[in-house]
Amino acid sequence: MPQDHPASDIGAGDVYTVKAPKRYGSVPDEVYQRVKEVHERSWGYKWSDEAAKRLILRSHATALSAATLFEGAEIPGRYFTISRVFRPDQLDAKHLLEFNQLDGIILDENITFRHLLGILKEFAIEFAGTSRVRFKPAYFPFTEPSVELYVKHPELGWMEVGGAGMFREELLEPLDVHVPVIAWGLGIDRFFMVSLGIDDIRYLFAKDLQWIRDQKKIWVV
Amino acid sequence: MPTITIEKEDLERLVGKSMRLDDLEEYLLAAKIEVEDVRVEEGRTVLEVEVCDTNRPDLWSVEGIARFLRGMLGKGVQVWYKVDKPVSKVFVERTVLPVRPYIACAVVRGVDLGRSGYEQLIQLQEKLMLTYGRRRRKVAIGTSNADLIRFPVHYRGVDPHSASFVPLYETVEMDLAEILEKTEKGREYAFILEGRDVYPLLMDDRGRVISFPPIINSDDIGRIDEKTQNIFVDVTGTDWRVVNIALNVVVTALVERGGKIQALEIIRPDGKFVTPNLTPKRISVDARRLVRLAGIPLSTKEVAKILKKAGYEPKRIRGDCIDLLYPAYRGDVMHERDVLEDLLVALDYNKIEPESPAFFTKGGLQRITWLEDAIRELLIGFGAQETLNFILTSPSVLNKAKQPGSYVELENPVTSTYSVVRNAIFPVLMDFLSANTSASYPQKVFEIGEVVVADETSPAGVRTEVHAGYAAAHSKATYTEVRQVVEAVLHQLGVDFIVRGREMPFYIPGRSAEFLVQNKPVAHAGEVHPAVLEAFGIEMPVAYAEINVSLLLEVLK
């Protein structure tokens, strides 16, 4: 993600920073220089060492997908993670300050945008029990083309459940990945709410022991 | 993401087609524009729309949206713009270079703004400056009445007290320093000029102020209204490329209102430039590669035809290579990939048949996940209820729990309740029990999750560990009970361990222990100290154990 992306500069403040320790000590120099070079060349801004090494709480699990590519992913390869992400947001029925994302990537010489749509549709069928999906063109700094997945819930109507796309060359090139990579990040909590029939996301982190005890534990598929 | 207001009737006039609201919403999705609100005001259908693509400022006005829709509707997108040769100049003086080095200008003549056009122009300027211009730091835009300006104009750096004028919508003359203090815009954007002893100023040849970038225009020649036909546009900033794109976005929007563009010659100490430069930009793409990434069988000719809808002009086709021209107001086309997305959007994502990837890979869990799952199964087997708590907590919860060790504090917490990152599960699980003192006992609960602890050997200075916390709260809860749980878990995992007494601040002295595997303390267990129970308002004895799952994995390897 480019450092001077508009969202990070107009007071949107969508990421938590920490008081101490403030900076990451040492980054493998070779990849650091390559990332810096690609960012300055492609997005045309001056790279800030300070911003790059600033420690934050991750706001997207995509960071883990990039890390997986950096560590050396297999080709062909498929990887996924369910991870906690953190955002300074309002705490209400739809928003939490921390929640879970299901992120995944597939790397292959022959992977296509159609495959990405196929994977997203599969998620809708498996998790939301519907094959009624809509794909919306979207914008994410790290993918191109980008798409948002909407599913039609029988009661709640159309719901956005996640974003996806094909990783940009600007992300892949410095990590030495030379095959296309499709990637997605789904709000897994939303799927969970649908299958549990709850309309307040705060129940996911319920502190009410009796309520937890009363929930059914097994879903018959 | 900018939210802008447009009028449906105005849009339809510019597109040359009336549209049902439903259809319009569909078309707008292709431009990554979502309709947030629709209302009728004085007979006009006003749409509030969110433009999701922060890299396409050319879509931040009704004129730009109309242009996009014309392409999608097969009416063609204008790639070439006629620009009349410069008859006037802008002199850039050396004095302004250190403070705000770049300026690009144009005159647009014969514009028929009207109320809608005027509102759109002001809105486009504001949104460009805020988001694309990074709160005016990178880009600021002024529009003035060209008929009142005597050319050439002069862009110079001046002493803040040496020049004064009446700022836009003010009534009294102020010097530049006063403007920063006394006007709303001045106070809002003074930060850009902080610490400078020279401020940028744009003046006409008679010495009258046009604008004081990036703050405010003058109230006489620097003011336009719905009836202004000949508009002088100045864009200043810190990045020549971005300044020019912003100028191109504004002037081409005015072309949609009947304007004709006249260039100006920018005379700089380092050379002469003519702006605006609306020569189409070029990119060459390999149609076979695009088709392969899309996964859709299309011929090179078909690709070229679809790209026309997306606003590209195929200049030449050689084999699979297509040379494309695209309008100069677009600054987002960095790579062939950007063209691929435009191609797919023009095809319509929802008309593309999804397909499952066919190749085979072998799946498996990460070892840490496997270990977490194993411990989870065992704890459930012991009759414990799994809970899910936040990783963020408050210093007061950590203090009440007498949890030792340093922890990470957030710089920008939303609320103090979630202002630090937990360094153990214990405090959070005690907080959970404290919220459930009226639920029936015995209560046996656990959580397996991440904690962050100090680590001077890590480049970050901290490391994330997975811990498993288990608490038993009932009248007969003892050290022996939780010790047996930990022993059973370690035994099931097949590791040899020793148990030895270990005092912890939150356990009753003499009633706690740690579990060592290969000399590493992988777990501790004990009876929770009455002072801690009292701090949490728990009236039942609690026995507790916490396993460092990450450390346990290390010794298992």
K.L.:
Have A/D92 and A/H95 got a donor and an acceptor in their side chains that come within less than 3.5 Å?
P.N.:
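Yes, side-chain donor-acceptor contact under 3.5 Å.
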K.L.:
Measure centre to centre between the rings of A/W184 and A/F80, then say whether the value is under 6.0 Å.
P.N.:
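No, too far apart.
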K.L.:
Tell me, for A/L96 versus chain B, whether the close heavy atoms (under 4.5 Å) come from the side chain, the backbone, both or neither.
P.N.:
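It is the side chain, since no backbone atom gets that close.
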K.L.:
May I ask you to decide if B/F446's main-chain N or O and B/T387's side chain share a donor-acceptor pair within less than 3.5 Å?
P.N.:
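Such a contact is found between B/T387 side chain and B/F446 backbone.
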K.L.:
So which part of B/E353 gets closer than 4.5 Å to some heavy atom of chain A, the side chain, the backbone, both or neither?
P.N.:
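Interface part for B/E353: both.
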K.L.:
Measure from the ring center of A/F205 to the ring center of A/F99 and say whether it is less than 6.0 Å.
P.N.:
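So the answer is no for these two rings.
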K.L.:
Does any backbone or side-chain atom of A/L91 lie under 4.5 Å from a heavy atom of chain B? Answer side chain, backbone, both or neither.
P.N.:
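Looking at A/L91, just its side chain touches chain B.
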K.L.:
I'd like to know which of A/G25, A/P145, A/P21, A/G118 tops the heavy-atom pair count under 4.5 Å against chain B.
P.N.:
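Most heavy-atom pairs under 4.5 Å with chain B: A/P145.
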K.L.:
So for A/S146, is it side chain, backbone, both, or neither that comes closer than 4.5 Å to the heavy atoms of chain B?
P.N.:
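For A/S146, backbone and side chain are both near chain B.
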K.L.:
Looking only at heavy atoms and a cut-off of under 4.5 Å, which of B/A294, B/S406, B/S356 has the most pairs with chain A?
P.N.:
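Most pairs with chain A among the choices: B/A294.
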K.L.:
So which part of A/Y150 gets closer than 4.5 Å to some heavy atom of chain B, the side chain, the backbone, both or neither?
P.N.:
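Answer is side chain: those atoms of A/Y150 sit under 4.5 Å from chain B.
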K.L.:
Contact part of B/K138 toward chain A, heavy-atom cut-off under 4.5 Å: side chain, backbone, both or neither?
P.N.:
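Looking at B/K138, just its side chain touches chain A.
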K.L.:
In terms of heavy-atom pairs under 4.5 Å with chain A, which of B/D338, B/V421, B/V414 leads?
P.N.:
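Most heavy-atom pairs within the cutoff with chain A belong to B/D338.
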K.L.:
Under 4.0 Å between a side-chain nitrogen and a carboxylate oxygen: does that hold for A/E50 and A/R23?
P.N.:
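Salt bridge: yes.
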K.L.:
Name the option with the most non-hydrogen atom pairs under 4.5 Å to chain A; the candidates are B/K362, B/H335, B/R241.
P.N.:
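It is B/H335.
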K.L.:
For the salt bridge (charged side-chain N to carboxylate O under 4.0 Å, His left out) test, which of B/R289, B/R288, B/R292 pairs with B/E336?
P.N.:
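Of B/R289, B/R288, B/R292, salt bridge (charged side-chain N to carboxylate O under 4.0 Å, His left out) with B/E336 is met by B/R289 alone.
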K.L.:
I'd like to verify something: which residue of B/N350, B/V345, B/T415 has the highest number of heavy-atom pairs under 4.5 Å with chain A?
P.N.:
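Result: the option with the highest number of such pairs is B/N350.
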K.L.:
Does the ring of A/Y45 carry B/R134 above it, NZ/CZ under 6.0 angstrom from centre and within 45° of its axis?
P.N.:
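No, cation not above the ring by the 6.0 Å, 45° rule.
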K.L.:
Cation-pi between A/R78 and B/F359: NZ/CZ under 6.0 Å from ring centre and within 45° of the ring axis?
P.N.:
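That pair qualifies as a cation-pi contact.
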K.L.:
Only pairs of heavy atoms separated by less than 4.5 Å count here; which of A/K121, A/E169, A/K53, A/E170 has the most with chain B?
P.N.:
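Sorted descending by pairs with chain B, the first entry is A/E169.
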K.L.:
Is the shortest distance from a Lys or Arg side-chain nitrogen in B/K351 or B/D348 to a carboxylate oxygen in the other one below 4.0 Å?
P.N.:
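Result for this pair is yes, salt bridge flagged.
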K.L.:
Give the member of B/A454, B/S440, B/A435 that has the highest number of heavy-atom pairs under 4.5 Å with chain A.
P.N.:
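The residue among B/A454, B/S440, B/A435 with the greatest pair count is B/S440.
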K.L.:
Does anything in residues 411-421 of chain B form a salt bridge (charged side-chain N to carboxylate O under 4.0 Å, His left out)? List the pairs, not counting sequence neighbours.
P.N.:
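Pairs touching residues 411-421 of chain B that pass the test: A/K22-B/E411, A/R54-B/E411.
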K.L.:
Just so I understand: if I count every heavy-atom pair under 4.5 Å between each of B/D239, B/D431, B/D342 and chain A, which residue has the most?
P.N.:
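Among B/D239, B/D431, B/D342, the one with the most close pairs to chain A is B/D431.
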K.L.:
For B/V445, is it the side chain, the backbone, both or neither that has a heavy atom under 4.5 Å from a heavy atom of chain A?
P.N.:
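Just the side chain, heavy atoms under 4.5 Å.
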K.L.:
Under 4.5 Å heavy-atom distance to chain B, tell me which part of A/D108 shows up: side chain, backbone, both or neither.
P.N.:
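Answer is side chain: those atoms of A/D108 sit under 4.5 Å from chain B.
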K.L.:
Identify which part of A/I182 has an atom lying under 4.5 Å from any heavy atom of chain B, answering side chain, backbone, both or neither.
P.N.:
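A/I182 has no heavy atom closer than 4.5 Å to chain B.
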K.L.:
Do B/Y418 side-chain atoms and A/L97 backbone N/O form a donor-acceptor pair below 3.5 Å?
P.N.:
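No.
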K.L.:
Under a 3.5 Å threshold, yes or no: a donor from one side chain and an acceptor from the other, between B/T393 and B/R422?
P.N.:
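There is no such pair (donor and acceptor under 3.5 Å, judged by atom type) between the side chains of B/T393 and B/R422.
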K.L.:
Side chain from CB out, backbone as N, CA, C, O: work out which of these in A/E74 comes under 4.5 Å of a heavy atom of chain B, or both, or neither.
P.N.:
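Contact with chain B involves no heavy atom of A/E74 at all.
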K.L.:
With a 3.5 Å distance limit and no angle check, can you tell me whether B/E447 reaches the backbone of B/E386 through a side-chain donor-acceptor pair?
P.N.:
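Checked: no pair found.
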K.L.:
With a 4.5 angstrom heavy-atom cut-off, is it the side chain or the backbone of B/L344 that approaches chain A, or both, or neither?
P.N.:
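For B/L344, the side chain is the part near chain A, not the backbone.
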K.L.:
Can you tell me which portion of A/F86 sits under 4.5 Å from chain B's heavy atoms? Options are side chain, backbone, both or neither.
P.N.:
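The side chain, not the backbone.
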K.L.:
Is B/N436 close to chain A through its backbone or its side chain, or both, or neither, when contacts mean heavy atoms under 4.5 Å?
P.N.:
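Side chain only.
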K.L.:
Salt bridge (charged side-chain N to carboxylate O under 4.0 Å, His left out): which pairs involve residues 130-146 of chain A, sequence neighbours left out?
P.N.:
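Of all non-adjacent pairs touching residues 130-146 of chain A, those that pass salt bridge (charged side-chain N to carboxylate O under 4.0 Å, His left out) are A/R134-B/E26, A/K136-B/E34, A/E144-A/R168.
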K.L.:
Once side-chain hydrogen bond (donor to acceptor under 3.5 Å, both in side chains) is applied, do any residues pair with A/R114, and if so which ones, sequence neighbours excluded?
P.N.:
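If we apply the side-chain hydrogen bond (donor to acceptor under 3.5 Å, both in side chains) test to A/R114, skipping adjacent residues, there are no hits.
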K.L.:
Find the one option among A/Q210, A/E122, A/R84, A/E148 whose heavy-atom pairs under 4.5 Å with chain B are most numerous.
P.N.:
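Looking at each option in turn, the highest pair count goes to A/R84.
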K.L.:
Testing the 3.5 Å rule here: is there a donor-acceptor pair between the side chains of B/N412 and A/Y16?
P.N.:
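There is no such pair between these side chains.
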K.L.:
Residue by residue, which of residues 458-466 of chain B have a heavy atom closer than 4.5 Å to a heavy atom belonging to chain A?
P.N.:
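At a heavy-atom separation under 4.5 Å, chain A is reached by B/P459, B/A460, B/G461, B/V462.
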K.L.:
Please check: side-chain N/O of B/R137 versus main-chain N/O of B/Y189, any donor-acceptor pairing under 3.5 Å?
P.N.:
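Pair absent, no side-chain N/O of B/R137 close to backbone of B/Y189.
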K.L.:
Need one label for A/L55: side chain, backbone, both or neither, based on atoms under 4.5 Å from any heavy atom in chain B.
P.N.:
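A/L55 touches chain B through side-chain heavy atoms alone.
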